[in-house]
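Down below is the structure, laid out as C-alpha cells.
Here is how names work: the chains are called A, B, and so on, in the same order as the sequence lines, proteins then strands, and each is numbered from 1. Heavy atoms only: backbone and side chains are in, while hydrogens, waters and symmetry mates are out. Keep in mind that what you see is a predicted model, and the values were worked out from it rather than measured.
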There are 2 protein chains.
Amino acid sequence: MSPAPRTKPAHEPATAELAVSTVIFALHTEAGAALPSLWLPLVRRTREPFQGQWALPGGWLPVDEELGKAAARTLNETTGLTPKYLEQLYTFGALDRSPGRRVVSVVYWALVQSDEAARAAEGENVRWFPADDLPALAFDHNLIVDYALWRLRTKLEYSRIAHAFLGEMFTLAQLREVHEAVLQRPLDPANFRRTIEASKTVIATDEYLAGTPHRPPRLYRFDSTIDPADLGPLGRATPGKAS
Amino acid sequence: MSPAPRTKPAHEPATAELAVSTVIFALHTEAGAALPSLWLPLVRRTREPFQGQWALPGGWLPVDEELGKAAARTLNETTGLTPKYLEQLYTFGALDRSPGRRVVSVVYWALVQSDEAARAAEGENVRWFPADDLPALAFDHNLIVDYALWRLRTKLEYSRIAHAFLGEMFTLAQLREVHEAVLQRPLDPANFRRTIEASKTVIATDEYLAGTPHRPPRLYRFDSTIDPADLGPLGRATPGKAS
DNA sequence: CATCTTATGGTCGATCTGACTTGAAGGCAA
DNA sequence: TTGCCTTCAAGTCAGATCGACCATAAGATG
C-alpha cells in the first residue's frame, strides 16, 4: 500500500502481502475561515500502480516490527509528524484493492497537535488536504478515510481523544473548539462546560490565560490517570498498541 | 494461528505470515443453571506450538480469499457452524505471539443462534467452553477472547446485535434474556420493553406464543431495514464484510 | 374457581440535556 | 476615567430519559 515493496515479485506471490497505513488528522484553520476543520496529510505515489495519485502514508510491514511501531515509523518518515494518539482502525483486505496483487493493509489512525501539524513539512510529494473534500485517492483510500472520519466523530463523544489535538494546558473554549470542528456543529459554551466538568476528565489549574480582549479564561489540564482511548482489555499492556 | 501452515519454512520467513481466526459466541443454558451464559467453541491444537492446548478456530489466509470469507470458511470447517453475524474484531501482530515466527492474525468475532449451536458437533478436538472461565489458551488467545467479550458487551448496548442469537420470531422476554445473559445482570421487564419499543428496531406481529403456563406473550420480528451492526461507511458495499 | 406466573401498561422521582439568563472580569475607545 | 464590548462562568427551567415500583391482564393448573 505504499512506495516501495521490499521485493518485486515477477510472478504472483504465494501469499498476501502485508502493509501498514495511517490516516492522520490535525486541525487547521484555513485563511479566512471562521472555524478550524480537519485536515490530513497525503503522499504522492511515485510509481505504479496509481502513480501520481495521492495516498495514505504507509509501507510494507517488516518481519521484526510491531504493527503500531511500523505505522508510527512510516508516517514519520514520510510526513515528519509524531502523533499524540495512534490507534488501530481496521484491516482492509479486499481481493481487488491493489491491481494485480493481493495486499492486506492494517490501517491505523492518528491525531496530531495543531502546532505540530503547522511545523510539518509540506513538499512536492506531501500535502495537506481537507478531510471532507478529498480528490480521488489511490487504492481504496477514500473509503478508508471515510471510515476513519466516522470513527473519529463517533469516538469523540464517548472518549477523551479531543485531548490529542491540544497541548498541556488549555481553556475550555479551546477544548470546545476542537469538539465543534470535529463534529461540525456549534456547541453551547455553558452546557459544554457543565458536561466536561461532570465527566471529571479535566483538572482546573489556578492559572489563567492572559492577553485576551475579555475576561481571562481559566487553564485546565487533562487527568492523566484516565485512559483516553477506552480500548477495554487492550488498553493495558498489549500488542497492537503504538510505541 | 492454526493447524496447518501452508509451507513449513526451515528458515525465518522474509515476511510476516497472515492468519485469520474467529471468536464465536453462542448462548447456552448449562444443566442446572438458571440463566443462559456465553459459550464459545475452541479447537485442540494437533501440532506444535502449543500442541494439545485449546485455541480459536482459524487458518492461514489464502491469497485469493476475502478476509471475512476466510473467517467464515475456517470456522465452519472446524466447528460446522454458520454464524448469523460476523464482524472484524482486531488485528493482532505482536512479535512474540507465536514462538519462532511472525504471525499476524486478523481476528473476527461471530454470533450464532442458540439452536444452531446446539446442533453443532462436539468432538475430541472441538469443545465448547464458558466464555468467562477459560483454560489457558494457545498463543495470545485469552487476550483476544477478553477483547471480543468486551466488544460484545459494549456493542450490545448501542446496536441491534442481540438479534443474531435469536430466530425469526421471538418474545420480548427472550430478547431480554439475551441481554441479561450477555450483560450478566437482570433487567426490569417493563423498562426493557419500553426501551426496545422506543428504539423501533422490532416489529410486533399479531401472533402469540402458545403453550406457556401463563399469559401468552406476543411474538416480534426484527425490522430488517435497520442495519444491525452500525459500522458507518463500512456498513454498505464493502471489503472485509463477511460473505 | 382460586391461584400462580408472566405479560403489559402506567406512575413517580431522580437525572440528564438543551435553551436561555445573569453577573463577572478583563481589554479598549472616547 | 468611564462606559462598553466580549467572553467567562454560574445558574434557571422545561422537556426527555431512566430506574424502581405498582397494577391489571390473561393464560395454565389443580
Using only heavy-atom distances, decide whether a donor-acceptor pair under 3.5 angstrom links the side-chain of A:R215 to the base of C:dA24.
-> yes
N/O donor-acceptor pair under 3.5 Å between A:D188 side chain and A:N191 backbone = yes
When you measure from the side chain of B:N191, which nucleotide among C:dA25, D:dG19, D:dA9 comes out closest?
-> D:dG19
Is the gap between the ring centers of B:F170 and B:F222 under 6.0 Å?
-> yes
Describe, in one word, how the ring planes of A:W150 and A:Y147 are oriented to each other, choosing from parallel (under 30°), tilted (30 to 60°) and perpendicular (over 60°).
-> parallel
When the distance from CG of A:L183 to P of C:dG18 is rounded to whole Å, what number comes out?
-> 12 Å
CZ of A:F192 versus P of D:dC8: gap in Å, rounded?
-> 12 Å
Please tell me which of A:R185 and A:G211 maps to the more 5' nucleotide of DNA chain C, matching each residue to the nucleotide holding its nearest heavy atom.
-> A:R185
Examine distances only and state if a side-chain atom of A:D223 and a backbone atom of A:V202 form a donor-acceptor pair shorter than 3.5 Å.
-> no
Between CG of A:L187 and C1' of C:dA19 the distance, given in whole Å, is 14 Å
If you look at every strand shown and take non-hydrogen atoms under 4.0 Å, does B:T212 touch a base, only sugar-phosphate, or nothing?
-> sugar-phosphate
What is the distance from CG of B:L175 to P of C:dA7, rounded to the nearest Å?
-> 12 Å
Upstream residue (5' side of DNA chain C) when B:D188 and B:A173 are each assigned their closest nucleotide = B:A173
Just call it for B:P213: base, sugar-phosphate, or nothing, with non-hydrogen atoms closer than 4.0 Å on any strand.
-> base
C:dG9, C:dA25, D:dA9: which one has an atom nearest the side-chain heavy atoms of B:A190?
-> C:dG9
Nearest-neighbour nucleotide for the A:R218 side chain, C:dA7, C:dG26, D:dA9 considered = D:dA9
From CD of B:E180 across to P of C:dT6 the rounded distance in Å is 12 Å
Could you state the CG-C1' distance from A:L209 to D:dT6, rounded to the nearest angstrom?
-> 14 Å
Is the shortest heavy-atom distance from the side chain of B:H163 to the side chain of B:Y85 under 4.5 Å?
-> no
Would you classify B:A210 as touching base, sugar-phosphate or nothing, given that sugar-phosphate means primed atoms plus P, OP1 and OP2, and contacts are heavy atoms under 4.0 Å?
-> nothing
Taking atom C1' of D:dG19 as reference, at what distance in whole Å does atom CD of B:E157 sit?
-> 15 Å
Between P of C:dC16 and OH of A:Y158, the distance in whole Å = 21 Å
Any donor-acceptor pair under 3.5 Å between the side chain of B:R194 and the base of D:dG19?
-> yes
Between C:dC20, D:dT6, D:dA9, which one does the side chain of A:H214 approach most closely?
-> D:dT6
